[in-house]
Amino acid sequence: MSIPIKNAEGIRRMRESCAIAANVLARMKEQVRPGITTYDLDQIGREIIASYGARSACYGYKLHNSAYPAYTCLSVNEEVVHGIGSLKRILRPGDIVSLDVVVEYNGYIGDNATTVPVGPIEPRVAELLRVSEEALYLGIKQATVGNRIGDISAAVQAHVERAGFSVVREMVGHGVGRAMHEEPQIPNFGRRNSGDRIKPGMTLAIEPMVNLGRYAVRTMSDHWTIVTSDGSPSAHFEHTVLTTDTGPEILTIPNPTTFSSSLSKS
Ligand code: MF3
Ligand code: CO
């Protein structure tokens, strides 16, 4: 068991799948508004993914005998991750919604997520989003060659807890590549200078899940949706990052021009 190191070809393909994942996420984000259902948002995601000639890595993904039934993960308010789009879930002003997009293209996977406000939101919830995104970038900053995975974890945890929020313990970030989940696990809590040593050519999905209240979560009866036990809102921000000798490089950056040919075909 070891952490996959991508060669030049693997890195090239990771760049492509991650750019697609980022473009899909950016375009879905534009569609978030009061009145839209999470089912419609998911269908928009399905169409955009198809327009790039990519495949949803979520659709059909199996976890304890259950196949994920949607194309993207859409999690509203107290839903932490893995929410399933539904015609009954109409977004309203004051809600927050996490969009998690995982695509496979040419054998490689790109994974990213963001949480967006629906209309005006409460100040403390706005702070939750700001702090969670900041924690993601502070974690990414630690993904330097010679550091350890625990340096990422500790940076995320410190920033979140300093603001009075809590990090989810039961789900973690992960290596990503040919498979959605590769080694290593990347918890959002932990000790500096612990865990695996970071080397060049790793592709890591760093993804803080942050609760406004306590960190405990539970799984809904749909077997997928994770919610906060105390019902408090939760945020989720994620990038896929390449580790290099000159520092971390975020691969999930939108780049509409790269795929203009596939776009114009659709
Ligand atoms: N970004 C999520 C993860 O890393 C995506 C899960 S997709 C699902 O686990 F299929 F499991 F829902
Ligand atoms: Co992920």
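Whatever order the structure lists them in is the order used to number ligands and atoms, beginning at 1. The figures that follow rest on heavy atoms only: side chains count, while hydrogens, waters and symmetry mates do not. Position 1 is the first residue of the sequence; numbering continues from there.
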Is the count of non-hydrogen atoms from other residues, nucleotides or ligands lying under 6.0 Å from Q185 atom CD greater than 12? no

protein heavy-atom neighbour closest to atom 4 (O) of ligand 1 works out as H174 NE2, 2.8 Å

Y61 atom OH: more than 12 heavy-atom contacts under 6.0 Å: yes

Enumerate the atoms of ligand 1 whose separation from the nearest heavy atom of W224 is less than 4.0 angstrom. 11 (F)

So is there a nitrogen or oxygen of Y68 less than 3.5 Å from a nitrogen or oxygen in ligand 1? no

Contact check, side chains of I96 and V116, non-hydrogen atoms, under 4.5 Å: no

Heavy-atom closest pair, residues I84 and P69: CD1-CG, 3.8 Å

Name of the D111 atom (N/O/S only) found closest to the Co ion (ligand 2): OD2

Do you know which two heavy atoms are closest between A22 and N112, and how far apart they sit? CA-ND2, 3.1 Å

Please give the atom name: the N, O or S atom of E238 nearest to the Co ion (ligand 2). OE2

For atom 6 (C) of ligand 1, what's the nearest protein heavy atom and its distance? H82 NE2, 3.4 Å

For N23 and N255, work out which heavy atoms get closest and say how close. OD1-N, 2.6 Å

I'd like to know if R89 pairs up with E79 as an ion pair, taking the criterion as any Lys NZ or Arg NE/NH1/NH2 lying under 4.0 Å from an Asp or Glu carboxylate oxygen. yes

Could you tell me, atom by atom, which parts of ligand 1 come under 4.0 Å of a heavy atom of D111? 1 (N), 4 (O)

Please tell me if the side chains of I198 and I149 come closer than 4.5 Å, counting only heavy atoms from C-beta onward. yes

Which heavy atom of R218 sits nearest to which heavy atom of S229, and what is that distance? N-OG, 3.9 Å

Considering only NZ, NE, NH1 and NH2 on the basic side and carboxylate oxygens on the acidic side, decide whether E16 and R13 come within less than 4.0 Å. no

Among H181, E207, M209, closest by any non-hydrogen atom to atom 9 (O) of ligand 1: H181

Under a 4.0 angstrom heavy-atom cut-off, which atoms of ligand 1 come close to V102? 1 (N), 5 (C)

Between C58 and ligand 1, find which residue part has any heavy-atom pair under 4.0 Å and reply side chain, backbone, both or neither. both

among protein heavy atoms, the one nearest atom 12 (F) of ligand 1 is C73 SG, 3.3 Å

Closest E207 atom to the Co ion (ligand 2) [N, O or S only]: OE2

Identify the protein heavy atom lying closest to atom 1 (N) of ligand 1, giving its residue, its atom name and the separation to 0.1 Å. D100 OD2, 2.7 Å

Please verify whether a non-hydrogen atom of A113 lies at under 4.0 Å from ligand 1. no

Using distance alone, determine whether Y61 and ligand 1 share an N or O pair under 3.5 Å. no

Is it true that Y59 lies under 4.0 Å from ligand 1, counting heavy atoms only? no

In H174, which N, O or S atom comes closest to the Co ion (ligand 2)? NE2

Would you call E30 and R27 a salt bridge, taking side-chain N to carboxylate O under 4.0 Å as the test? no

